[in-house]
Amino acid sequence: SFTHNTIISGLCRANRMPEANRVLNEMVEGGLKPDLVTYNALIDGYCREGNVGKAFEVYNGLVMKGMQADVYTYGSLMNGVCKTDRMEETRILIKEMLLHGVMPNVISYHSLAKAYCDKGNIEVAFLVRDEMLERGVMPDVAFYNVLIDGLCKAGEMETSMQLLREMLDKRLIPDDIIYTTLIDGYCRIGNCSEAVMLLFRLVETGFKPNVVTYTSLICGMCQANKMEEANKLFEEMRTINLMPNEITYSVLINGYANAGNMQDAFRVRDEMVKSG
RNA sequence: AUUAAUAAAUUC
């Protein structure tokens, strides 16, 4: 039922599989049949905890029941396989979905491209894009972000910015995630001033930075030992009504601690405790 | 808010 599915998917997302299975059992004992949404949630939960074998067991089970897996099922499995070291199996999975008449969509390719980027194979991630295009699947903004992020983490900021221009040429509207990725990229190569300048230019065109944007910048400043700048950005968040989160606080606290400024580290920690 | 993907610290 709707209610059971809601609870089960919540537990699966929270990596609480034993409890999810308990609810599943109650559901079955109550005479209710799990549906595809239920199974998809379980498959995703097992993939999240790295138990791809169990995820495939659930998948095989639903196929044997004569149920038709959908693009969500394969998306979760793809994600799970990508997080293992058995990337060859992603090919088999794509064949399997086509065999079952399920066409990969753009999301099906996200995990694949990201996995290649994370393994340092950005060229292969670009090949994934070519493969998508051959199948008539258009890369979307989130897909571009996977590539841009891969390039940023490899320190290739010129190429990242080129991709941004390519997106704009294709009439894709970059979102706050794209811009935050780029700002973070400049911070990572230690070019905080370029990161701040980019933010400044973007804000002038109407961009609304979020907590992640600021946390990235603060982190960059901390790593560059520019604690006054880090604190300035932290204070600036208040003025635009952005609430720092746990990560923002821990970045700043660690920054002060690493700089040997325990007094400010404790001051920020107290402030964090006070704000809940 | 019933199910899959992309950005920030720590862990890897």
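Note that the structure is predicted; figures quoted are calculated from it, not measured. Residue numbering restarts at 1 for every chain, and letters A, B, ... go by the order of the sequence lines. These values consider heavy atoms only, across backbone and side chains, with no hydrogens, waters or symmetry-generated copies.
Atom NZ in A:Lys83 sits about 18 Å away from atom P in B:C12, given to the nearest Å. Atom CG of A:Asp184 is separated from atom C1' of B:U6 by 13 Å (rounded to the nearest Å).
For A:Val146, the listed nucleotide lying nearest its side chain is B:U6; candidates were B:U6, B:A9, B:U2. If you check B:A9, B:A5, B:A7 against the side chain of A:Ile177, the one that comes closest is B:A7.
If you check every strand for non-hydrogen atoms under 4.0 Å, A:Ser250 touches a base. Among the atoms of the strands shown, base atoms are found under 4.0 Å from some heavy atom of A:Thr215. Heavy atoms of A:Asn105 sit under 4.0 angstrom from at least one base atom. Contact annotation for A:Val141: no contact, since no heavy-atom pair falls under 4.0 Å across all strands. Backbone-only engagement by A:Val251 is indicated by non-hydrogen atom pairs under 4.0 Å involving sugar-phosphate atoms exclusively. A:Asp35 comes within contact range of no nucleotide atom at all, as no heavy-atom separation falls under 4.0 Å. Here A:Thr180 lies in heavy-atom contact (under 4.0 Å) with a base.
Taking the six-membered ring where the residue is Trp, A:His100 and A:Tyr74 present tilted rings, their angle falling between 30° and 60°.
Taking 4.0 Å as the cut-off between side-chain N and carboxylate O, A:Lys153 and A:Asp149 count as a salt-bridged pair.
Here A:Arg188 reaches the OP1 or OP2 of B:A9: one of its side-chain N or O atoms lies under 4.0 Å away.
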